[in-house]
Amino acid sequence: MGEKIYGLLGRKLGHSWSVPIHRALGCQGYRLLEVEPEDLPAFLSRGDLGGLNVTIPYKREVMPYCAAIDPGAAEIGSVNTLVPGVDGKLRGYNTDLRGFLTMARRAGVSFAGKKVVVLGSGGASLTVQAAVKGEGAREVVVISRKGPDSYENLERHRDAQILVNATPVGMWPGEKARPVELRRLPGLQAVLDLIYNPLRTSLLLQAQELGIPCSGGLPMLVDQAAAAAELFFGRPVTGEKTEEILTGLWQDRANLVLVGMPGSGKTTVGRALAQLTGRALLDLDSEIVRRAGRPIPEIFQTEGEEAFRELEQQALEEAASGRNGWIIATGGGAVLRRENREAMRRSGRVYFLTRELALLPTEGRPLSRQGDLEKMYQARLPLYTAAADQRVANDTAPEETAQRIWRDFCAHSGD
C-alpha cells in the first residue's frame with residue numbers, strides 16, 4: 001500500500017490554517033481534503049487513511065462510519081478526529097474539547113458557577129456545551145435561529161456572564177459580520193470566539209472596545225491539532241511545543257500595521273521593518289496612486305477628499321483581508337473611518353507612530369498644507385489611539401524604531 005493520507009476533511013477549506021500546524025507537528029504530508037457530501041461514504045471507506053481531522057459540515061456526519069467512538073466524543077455527539085485501528089476501521093475522537101478548554105484557561109476564563117451563552121447549535125456548539133458543563137457552569141443557554149432561545153429574544157439572557165461564538169459568522173471571507181451586538185448582554189465578563197481567521201473577529205473587536213476580556217480561536221486550533229497528532233502517531237506533544245507553534249503561526253499570519261500623522265515616518269519605518277524582518281511592505285498611499293493612475297494631490301483637487309477616502313477604504317480592506325504577514329504603512333487619515341480601523345485590527349497588530357509636530361513635512365500632503373497641524377492632531381488623536389495596540393515614538397533612527405516595534409510584535413505573538 002502507498003503513503004497514508006493525513007489531512008483536514010471538510011467541504012470548503014479556504015480559510016484553514018491546519019496544514020502549517022500539522023507540518024510543524026511533524027506530519028509533512030498533511031493536506032486539505034475537500035469532499036462533497038455525496039462523496040463522503042466512498043472517501044471514508046478508503047484503505048489508505050492514516051489520520052483525519054474533521055470540520056464543518058461533517059463533525060456529526062462521520063460518526064456512522066466509525067467502528068468505535070471514544071466515550072467523550074460519543075457523549076458530546078461530535079467527532080473531529082478519525083484514526084484507523086490496526087484492523088483498518090475508523091475510530092472517532094473529539095480533540096476540540098481539550099483545545100477549547102486550553103483556549104479558555106489561556107485567556108483566564110473560568111466557567112465554574114457562571115451563566116454561559118453559546119451561539120450556534122452545530123457540532124462545535126455541542127463540544128462547547130460539554131466543556132462548560134464539565135467545568136461547572138451554572139447555566140448553559142444555546143442560541144439558534146429558531147426555538148425558545150433565539151437571536152431575536154437574546155435580551156432574555158441579559159445576565160449572561162460568558163459568551164461563546166460557535167458559529168462561522170465573522171469568519172473569512174465574511175469577516176465584517178458579527179453574530180450579535182454585545183451591548184444586548186450587559187453582564188458579560190468574557191467573550192470567546194472559536195474563529196481564528198481573521199485573528200480578531202468583529203465580535204472580538206467589539207469586546208475589546210467595551211473592555212470585555214476575550215480570545216479568538218487560534219489557541220484552540222493549535223492545541224486540538226496537537227491532541228490529534230498524539231492520536232495519529234502515539235507520541236506526546238509538549239505544552240512548550242504548542243506554544244512555539246502558536247507563536248510562530250501568529251507571527252507568520254498577523255499583519256503589522258503603522259498609523260500616524262502625515263509625515264510621521266510610517267513609510268520610512270515600514271521600509272526599515274521590511275529590511276529587518278524580510279516581510280513584504282505595502283505602502284497604502286502608493287497603492288492608491290497605482291490604482292488611480294494619478295498622484296494623491298490630483299485626486300483631492302479633481303474629485304475631492306471623499307472620493308480619496310473611498311479609494312483608501314477599498315485598498316485597505318483588500319490589503320488587510322487578502323494578505324497575511326505583511327507590513328502595511330497607512331496614510332495619515334486612514335483612521336478617520338471606523339471601517340478602516342476595524343480592518344487594520346482584524347488582520348494583526350497596529351502601531352501608532354508619533355513625532356513632534358514641528359518635524360512633520362507638509363510638501364505633497366494636501367490636508368497638512370491647508371490646515372492647522374495641531375488642530376488636525378487633536379482631532380485625530382482619539383482615532384489613532386482607538387486603532388492602535390501600541391504607541392511608539394519615532395524619535396530615533398528609523399532602524400531603531402523598527403527594532404522596537406519588532407520586539408514588541410514578537411513579545412505579543414499569540415495574544
Side-chain angles (χ1 to χ4, degrees), residues 17 20-21 24 103 106-107 172 175 195-201 204-205 207-209 213-219 221-222 240-261 264-284 287 316 319-332 334-335 340-355 383-415:
W17 294 357
I21 295 173
M103 164 191 173
R106 199 174 183 278
W172 181 90
E175 63 266 33
I195 293 170
Y196 59 86
N197 183 7
L199 291 164
R200 287 190 277 203
T201 62
L204 294 181
L205 291 180
Q208 290 181 333
E209 181 182 342
C214 59
S215 174
L218 193 59
L221 177 71
V222 173
E240 290 79 7
K241 183 62 177 179
T242 58
E243 281 295 321
E244 175 190 319
I245 294 172
L246 175 61
T247 298
L249 190 63
W250 195 94
Q251 287 184 8
D252 182 59
R253 300 287 173 141
N255 290 325
L256 194 161
V257 186
L258 304 176
V259 301
M261 284 286 284
S264 60
K266 298 181 294 295
T267 300
T268 303
V269 172
R271 289 187 185 124
L273 275 165
Q275 187 168 3
L276 174 67
T277 65
R279 291 180 162 222
L281 168 67
L282 177 73
D283 181 75
L284 197 63
E287 176 65 10
L316 180 56
S321 175
R323 291 179 170 86
N324 293 123
W326 282 59
I327 297 162
I328 301 176
T330 67
V335 296
N340 291 353
R341 299 194 299 273
E342 291 186 350
M344 297 173 196
R345 291 180 61 77
R346 273 195 296 265
S347 70
R349 191 163 172 81
V350 184
Y351 291 86
F352 171 24
L353 286 187
T354 64
R355 201 175 193 181
L383 304 179
Y384 290 133
T385 302
D389 293 285
Q390 186 63 267
R391 183 170 175 159
V392 178
N394 186 20
D395 53 5
T396 58
E399 294 76 14
E400 293 181 25
T401 303
Q403 288 172 359
R404 293 204 306 275
I405 291 173
W406 184 244
R407 283 195 297 269
D408 178 87
F409 183 84
C410 292
H412 288 87
S413 295
D415 285 2

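Reckoned from all heavy atoms, side chains included, excluding hydrogens, waters and symmetry mates.
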Hey, mind stepping through V257 and I327 against side-chain contact (heavy atoms from CB on, under 4.5 Å) and telling me if it holds? CA-CA 6 Å; V257 186; I327 297 162; over 6 Å; no
With side chains defined as the heavy atoms from C-beta onward, is the minimum distance between [X] and [Y] less than 4.5 Å?
X: N324; Y: D252; answer: no
X: L256; Y: W326; answer: no
X: P398; Y: R271; answer: no
X: M344; Y: L316; answer: yes
X: T354; Y: V392; answer: no
X: R323; Y: L282; answer: yes
X: L353; Y: V269; answer: yes

Find the distance between [atom1] ([X]) and [atom2] ([Y]) and round it off to the nearest 0.5 Å.
X: K266; Y: L281; atom1: NZ; atom2: CG; result: 12.5 Å
X: M261; Y: N394; atom1: CE; atom2: CG; result: 14.0 Å
X: E342; Y: R200; atom1: CD; atom2: CZ; result: 11.5 Å
X: L276; Y: E399; atom1: CG; atom2: CD; result: 9.5 Å
X: L204; Y: T201; atom1: CG; atom2: OG1; result: 3.5 Å
X: Q403; Y: T396; atom1: CD; atom2: OG1; result: 9.0 Å

Over all atoms of both residues, closest heavy-atom pair of Q208 and C214: CG-SG, 3.7 Å
Could you pull out the closest heavy-atom pair between A107 and S215, with the gap in Å? CB-CB, 3.8 Å
Are R349 and D408 ion-paired here, with the side-chain N under 4.0 Å from a carboxylate O? yes
Pair D389 + R345: basic N to acidic O under 4.0 Å: yes
Please report the C-alpha distance between E243 and R106 in whole Å, then the side-chain angles of each, then the deciding distance to 0.1 Å, and finally whether the salt bridge (charged side-chain N to carboxylate O under 4.0 Å, His left out) criterion is met. CA-CA 11 Å; E243 281 295 321; R106 199 174 183 278; 2.9 Å; yes
Please evaluate residues L246 and L218 with respect to the criterion side-chain contact (heavy atoms from CB on, under 4.5 Å), reporting the C-alpha separation (whole Å), side-chain torsions for both, the decisive distance (0.1 Å), and the verdict. CA-CA 7 Å; L246 175 61; L218 193 59; 3.5 Å; yes
When you compare the side chains of T385 and R391, does any donor N or O come within less than 3.5 Å of an acceptor on the partner? no
Whether the S321 and E175 side chains hold a donor-acceptor pair (N or O, under 3.5 Å, no angle test) is what I'd like checked. yes
Tell me, with the steps shown, if N340 and V335 meet side-chain contact (heavy atoms from CB on, under 4.5 Å). CA-CA 6 Å; N340 291 353; V335 296; over 6 Å; no
When you measure from the side chain of [X] to the backbone N and O of [Y], does any donor-acceptor pair fall under 3.5 Å?
X: T268; Y: G265; value: no
X: Y196; Y: V222; value: no
X: D395; Y: R355; value: no

Exceeds 12 heavy-atom contacts within 6.0 angstrom, atom CD of Q275: no
Students often mix this up, so state it plainly: with edges at 30° and 60°, are the rings of F352 and Y384 parallel, tilted or perpendicular? parallel
W17 six-ring centre to R253 NZ/CZ under 6.0 Å and within 45° of normal: yes
L273 and W406: CA distance, side-chain angles, deciding distance, side-chain contact (heavy atoms from CB on, under 4.5 Å) verdict: CA-CA 7 Å; L273 275 165; W406 184 244; 4.2 Å; yes
